Undergrad: 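Have a look at this one.
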Amino acid sequence: MKNSYAVVDLETTNANWHDNGRIIQFGCALIENGQITKIFNQKVNPEVPIPSRITALTGLSDSDVKDSPNFKAIAPKIFKLLKNRVFIAHNVNFDLPFLNREFSRVGMNQLNVKAIDTVELSQIIFPTVSSYKLQDLTSYLSIEHDNPHSADSDALVTAKLFQVLVSRISELPTMTLKSLANLGTETIRETNIVFKKIYEERKNNNQLLPDYLFEKNGLVLRKKDFHVSEQIDQNRNYPSSEKTKREMLRGILDYRQNQSDLMDDIFKNANNRKKDQKWNLIEAPTGSGKTLGYLLPLSYMVNSQQKLVISTTTKVLQQQIVDQAIPLLNQVTNNNYHAEVVKSSYNFIDIDRFYEALDNYLGHRHTALLKMKIIVWLTMTTTGDLNELHLTNYNNPLFTIIRHRGETKEKTIFSDDDFWTYQQNRYHESLILVTNQSYLARHLDSTMWGDNSYLVIDEANHFADSLREVASPTIDFFKLNEFVRKLSDILYQNRVTLRYAFTEVTTQLWNYQDLQDMESHFQAIKELMERLEYNIFENYIQDQVGLKERNQMVSLIMDKKQFGANNDELTDLLSDLIVELSMVVNRIDVLFDQYNFQKNFISIELSKIISNLIIENSKIRTVLSGLDELLQLLKTADADFGVQLDMRDYYEPNSMKLSWRQYDIKRLIKETTDSFSQIFAIGAAITVQKDFSHFIMDMQLDQEQINQMLILPDSNEMAKNSKIYIPSDVPDITSLSNEEYYSMVTDHIVQILDDMDYQTMILFNSLATLNAVYSKLMETDVKEKWEILAQGITGTNEKIKKRFAIGNRSVLLGANSFWEGVDFPKKMLEILIVTRIPFESPEMIDVKVRQEIMNKHGINVFRADTLPRAILQLRQGLGRLVRTSGDRGVIMLLDNRILTKNYGKDILNSLPDGLPVINEDMPYIKKDINQFLN
């Protein structure tokens with residue numbers, strides 16, 4: 001790259017030029033013939049006050065720039081510096097327009113130069129990086145960045161980043177470069193000139209691919225080994241004595257007695273299996289090292305047929321096991337175990353479909369950038385797992401087209417390179433498999449689990465709900481009608497192209513009669529849907545809603561005796577609808593498969609039509625699966641389930657949404673029991689006041705199925721190393737409106753973060769509350785001094801977990817999975833704010849249905865279900881804080897019901913013995929926290 005480049009960074013008073021935004025510092029690094037030759041640094045008097053948040057960010061105050069020239073004085077010099085150079089910036093659509101508006105403001109012409117964006121280049125060239133902030137990229141690439149948010153320093157490291165990017169692009173295979181240059185017309189401004197120039201220099205050279213890459217039909221892929229290699233000493237003996245365990249752990253981990261006891265217990269029960277008593281219930285408190293505690297003893301039991309299957313609740317937990325626990329096991333045992341995370345085919349790219357989409361599915365600008373990102377990623381990945389791209393969302397229609405549908409590939413272009421075939425082979429060969437609980441429940445009959453394997457259910461307190469969720473879909477009639485209508489519209493609006501293809505193209509994918517048949521199916525579906533909606537409305541809704549309630553959203557709950565009983569017409573309609581939808585879905589699938597096989601003879605226009613058909617077809621397929629499950633439930637005589645019927649408009653039956661929740665999971669428990677030789681249900685909090693009764697009831701286990709129940713002692717001295725604070729000014733939260741509650745929570749967060757310097761996590765019961773509090777926090781000065789990470793807002797769970805772990809002034813707002821299973825030892829987390837006692841929302845359908853059925857069985861719902869679940873969730877949350885005996889941390893609970901309600905005593909009695917509970921004002925709390933943590 002022999003051009004002359006100016007790499008620019010601006011510090012400004014405001015990101016919005018129209019809102020008094022002015023430049024306070026101009027930084028520029030020049031690149032000549034690939035080398036950084038000069039650095040420019042110019043402070044600028046903005047002639048407006050610098051906000052305190054900008055001073056906190058940049059270190060520049062009014063006094064720092066008061067003697068500096070204003071922009072008008074230096075504008076000619078800056079213009080001259082930049083006018084004959086390519087302009088580069090990290091987010092160029094901020095820096096260049098801002099600079100040009102300033103030129104205009106002082107009466108000068110705007111820069112008319114080519115511009116390159118290093119953010120977009122980085123997204124394409126480093127497709128698996130989780131964050132493209134300048135600081136994160138420089139850290140990832142080990143580029144020294146001495147003074148972030150100083151314009152000269154940022155310009156210099158952006159220049160170094162650009163040099164790395166050019167170097168990496170130059171190393172890409174020529175065919176990959178060609179694809180990037182062709183797709184790059186959609187990049188920001190002239191960013192594509194980087195790809196075009198390097199490709200032009202390289203296109204006539206016969207560059208040999210490195211050994212680890214190969215080219216097929218214009219795509220460059222990484223070679224992969226279809227077989228798993230594991231080196232395991234089969235003659236070793238389990239370290240049964242304390243001495244041998246200490247020797248094994250020496251220099252790697254501290255010996256922990258409760259971890260040793262867990263290992264011995266699991267090894268003993270794995271060797272003394274009983275035919276019927278397979279369930280081992282184990283509570284292993286936080287910090288007891290439970291993961292290695294079950295991995296080590298069971299590693300001595302596995303072989304090619306008898307595997308170890310670990311089932312968890314979240315992707316974060318799965319990755320922790322594979323990325324941290326398995327390497328630790330290998331280090332301790334001097335073996336080389338390999339673990340695979342088992343996922344559905346939906347997580348993997350179908351290269352045949354991606355190859356088709358490159359030319360045939362255009363989409364918008366973001367689609368082109370995704371294609372570029374994936375083209376580079378294919379030179380890197382051996383798994384084809386789309387999650388490696390670390391995108392914040394996967395909603396782009398391109399993903400609907402290119403996700404693998406699990407079919408066997410035969411005689412396609414890339415059938416020999418199919419990632420799903422590769423993954424399945426590795427699943428069958430690996431001795432240790434990690435998966436989520438729902439996937440396990442859906443695939444209990446799979447041969448990949450092996451014969452008589454061992455099953456560990458980690459975070460076992462969720463397993464019952466995971467099983468219920470598997471059999472608990474939702475059918476939105478309005479959306480189903482929309483999916484079918486859109487499919488019909490695509491066929492109708494493109495009928496001329498389709499007819500031509502059917503009559504003129506020699507491949508004869510369809511004939512004219514196929515289109516006529518599809519229209520017949522669509523008409524039949526429309527009629528069946530109307531009859532089905534009316535049947536449900538007439539039998540279960542019409543007479544249940546009073547006149548006064550008919551102008552608002554309708555929501556009804558009923559059990560199986562009320563819904564579906566003695567209604568043969570309902571099951572017949574469902575059955576007929578399933579048949580018609582299946583005919584449509586299968587016909588589109590056949591069309592795609594035939595098209596894919598004959599692609600060389602098909603027009604691009606037809607390919608685009610088929611891509612759009614596939615997108616809608618996948619949506620219908622999901623609903624079809626749910627309809628089939630509902631039909632099977634209605635036909636099962638002893639099924640115990642509940643149904644919720646919602647209607648957005650009482651007078652519009654097609655606005656109906658039908659959801660159901662399975663309460664009876666005995667069949668799935670039996671299938672799980674029959675599929676494995678021993679089952680270890682383990683978790684940090686599965687007992688209530690050291691009693692397994694709630695867990696056993698929730699799991700619907702029989703005592704005859706249970707082999708043992710074990711509670712390991714707490715070795716982290718929680719009562720000594722932690723405190724709970726309840727601010728005395730916290731009102732009864734049940735008396736507050738939503739807005740008042742959000743404000744109260746925000747105020748206390750701001751107070752605790754003011755003048756404090758401890759990593760803080762805030763746990764919420766709902767994402768709605770989290771979103772509201774996040775919005776309010778972003779209106780305060782907290783964002784200037786702290787990095788605020790929020791689940792579902794600032795990135796994926798994995799991304800914000802990593803950012804929090806490396807932060808030193810970070811606040812993490814989390815719900816759901818952040819209540820458990822994430823490890824932040826030592827000073828990674830010191831303050832935990834629990835926004836309320838984690839009672840489940842009674843409005844959630846699964847809670848409503850479960851509790852309705854429990855009521856009918858004469859069970860005290862609050863005592864047997866609501867309170868135990870809240871206690872277990874709270875204990876899980878507290879477990880995020882003190883992970884080792886050397887950790888210290890404090891909890892602030894913004895809910896005084898633990899002190900004012902009778903059930904508060906039950907909650908307190910379930911917490912570690914002697915844990916101090918302090919109810920004081922905020923000044924006292926902050927002072928005490930400082931003394932305790934320091």
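The model shown is predicted, which means the values in this text are computed figures rather than measured ones.
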Undergrad: So, N707 versus N280: side-chain donor-acceptor pair below 3.5 Å or not?
TA: yes
Undergrad: To the nearest 0.5 Å, tell me how far F348 CZ sits from N387 CG.
TA: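 Separation between the atoms: 8.0 Å.
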Undergrad: Do the non-hydrogen side-chain atoms of V917 and L893 ever get within less than 4.5 Å of each other?
TA: no
Undergrad: So does T244 get a backbone contact from the side chain of S241, meaning a donor-acceptor N/O pair under 3.5 Å?
TA: yes
Undergrad: What I'd like to find out is whether the side chain of L296 reaches to under 4.5 Å of the side chain of L329, using heavy atoms alone.
TA: yes
Undergrad: Does a side-chain N-to-carboxylate-O contact under 4.0 Å join R468 and D698?
TA: yes
Undergrad: Would you say the side chain of F463 lies within less than 4.5 Å of the side chain of T672, judging by non-hydrogen atoms?
TA: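 When only atoms from C-beta onward are counted, F463 and T672 do touch, with a gap below 4.5 Å.
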Undergrad: Count the heavy atoms of every other residue, nucleotide or ligand shown that sit under 6.0 Å from NZ of K224, and state whether that count exceeds 12.
TA: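 Enclosed: over 12 neighbouring heavy atoms sit under 6.0 Å from NZ of K224.
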Undergrad: What heavy-atom pair brings H338 and S430 nearest, and what distance separates the two atoms?
TA: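 Closest heavy-atom pair between H338 and S430: CD2-OG, 3.3 Å.
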Undergrad: Given side chains that start at C-beta, do those of Q319 and K801 come closer than 4.5 Å, heavy atoms only?
TA: no
Undergrad: Any idea which heavy atoms bring H404 and D418 closest together, and the distance?
TA: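 Taking H404 first and D418 second, the nearest heavy atoms are NE2-OD1, 2.8 Å.
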Undergrad: Within 45° of the axis and under 6.0 Å from the centre of the six-membered ring of F839, does NZ or CZ of R869 qualify?
TA: no
Undergrad: In terms of relative ring orientation, are Y422 and F419 parallel, tilted or perpendicular, with 30° and 60° separating the classes?
TA: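 Judged by the thresholds at 30° and 60°, the geometry between Y422 and F419 is perpendicular.
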Undergrad: Can you name the residues that form a side-chain hydrogen bond (donor to acceptor under 3.5 Å, both in side chains) with S625, not counting sequence neighbours?
TA: none
Undergrad: Which pair of heavy atoms, one from Q277 and one from K274, lies closest together, and at what distance?
TA: OE1-CD, 3.3 Å
Undergrad: R236 and N335: side chain to side chain contact (heavy atoms under 4.5 Å, CB included), yes or no, with the steps?
TA: CA-CA 10 Å; R236 66 217 164 88; N335 281 303; 3.4 Å; yes
Undergrad: Report yes or no: do Q437 and Y439 form a side-chain donor-acceptor pair below 3.5 Å?
TA: no
Undergrad: Would you say NZ of K223 has more than 12 non-hydrogen atoms from neighbouring residues, nucleotides or ligands within 6.0 angstrom?
TA: yes
Undergrad: Are K307 and Y427 in a cation-pi contact, defined as NZ or CZ under 6.0 Å from the six-membered ring centre and within 45° of the axis?
TA: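 Relative to the ring axis of Y427, which defines the angle, K307 lies outside at least one limit.
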Undergrad: Report yes if the side chains of N461 and Q876 come closer than 4.5 Å at any heavy-atom pair, otherwise no.
TA: yes
Undergrad: Determine yes or no for a side-chain-to-main-chain donor-acceptor pair under 3.5 angstrom, with W449 supplying the side chain and H443 the backbone.
TA: yes
Undergrad: Are W279 and T673 linked by a side-chain donor-acceptor pair shorter than 3.5 Å?
TA: yes
Undergrad: Are D264 and K268 within salt-bridge range, i.e. N to O under 4.0 Å?
TA: no
Undergrad: Test your reading of the model: is there a side-chain donor-acceptor pair from R246 to the backbone of Y255, 3.5 Å cut-off?
TA: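 No, because the side chain of R246 does not come within donor-acceptor range (under 3.5 Å) of the backbone of Y255.
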Undergrad: Please name the pair of heavy atoms, one in L915 and one in S722, separated by the smallest distance, quoted to 0.1 Å.
TA: CD1-O, 3.5 Å
Undergrad: Take Q318 and I310 through the test side chain to side chain contact (heavy atoms under 4.5 Å, CB included) and record every step on the way to the result.
TA: CA-CA 9 Å; Q318 291 172 54; I310 304 167; over 6 Å; no
Undergrad: For residues L712 and D261, report the shortest heavy-atom separation together with the two atoms involved.
TA: CD2-CB, 4.3 Å
Undergrad: Between Q791 and A815, is there a donor-acceptor pair closer than 3.5 Å when you use the side chain of the first and the backbone of the second?
TA: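 Checked: pair present.
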Undergrad: Considering only heavy atoms from C-beta outward, does the side chain of I837 approach that of I907 to under 4.5 Å?
TA: yes
Undergrad: Kindly indicate whether the side chain of N347, heavy atoms from C-beta on, has any atom under 4.5 Å from the side chain of L386.
TA: no
Undergrad: Hey, which of L281, L262, I457 is the one that makes side-chain contact (heavy atoms from CB on, under 4.5 Å) with I682?
TA: L262
Undergrad: So, does R222 use its side chain to make a donor-acceptor pair with the main chain of T382 at under 3.5 Å?
TA: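 No; zero donor-acceptor contacts below 3.5 Å.
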Undergrad: Do L253 and L292 have side chains that get closer than 4.5 Å, going by heavy atoms?
TA: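 A side-chain contact under 4.5 Å exists here.
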Undergrad: Is the side chain of N909 donor-acceptor paired with the backbone N or O of K905 at a distance under 3.5 Å, no angle test?
TA: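 Pair found, side chain donor or acceptor close to backbone of K905.
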Undergrad: Would you say D913 has more than 12 foreign heavy atoms packed within less than 6.0 Å of its CG?
TA: no
Undergrad: Within a radius of less than 6.0 Å around CG of N336, do more than 12 heavy atoms belonging to other residues, nucleotides or ligands occur?
TA: yes
Undergrad: In terms of side-chain heavy atoms, does T313 have a donor or acceptor partner in E459 at a distance below 3.5 Å?
TA: no
Undergrad: Would you check if the side chain of R875 reaches a backbone N or O of T687 as a donor-acceptor pair within less than 3.5 Å?
TA: yes
Undergrad: What heavy-atom pair brings I686 and A460 nearest, and what distance separates the two atoms?
TA: CG2-C, 4.4 Å
Undergrad: For the backbone of S693 and the side chain of D691, can you confirm whether one donor and one acceptor N or O come within less than 3.5 Å of each other?
TA: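 Side chain of D691 to backbone of S693, a donor-acceptor pair under 3.5 Å: yes, one is there.
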Undergrad: Just do the side chain to side chain contact (heavy atoms under 4.5 Å, CB included) check on V456 and L295 with the steps written out, would you?
TA: CA-CA 9 Å; V456 173; L295 274 175; over 6 Å; no
Undergrad: Please check: side-chain N/O of T381 versus main-chain N/O of T383, any donor-acceptor pairing under 3.5 Å?
TA: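 Checked: pair present.
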Undergrad: Ignoring hydrogens and geometry, is there a side-chain-to-backbone donor-acceptor pair from Q700 to I665 under 3.5 Å?
TA: yes
Undergrad: Could you go step by step and tell me if E340 and M448 meet the side chain to side chain contact (heavy atoms under 4.5 Å, CB included) rule?
TA: CA-CA 11 Å; E340 283 285 333; M448 79 176 86; over 6 Å; no
Undergrad: Quick test of your reading: applying ring pair (Phe, Tyr, Trp, His ring centres under 6.0 Å), list the pairs with at least one residue in residues 281-332, sequence neighbours left out, ordered by first then second residue.
TA: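 Matches after skipping sequence neighbours: Y238-Y300.
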Undergrad: For the residue pair D265 and Q708, confirm or rule out a side-chain donor-acceptor distance under 3.5 Å.
TA: yes
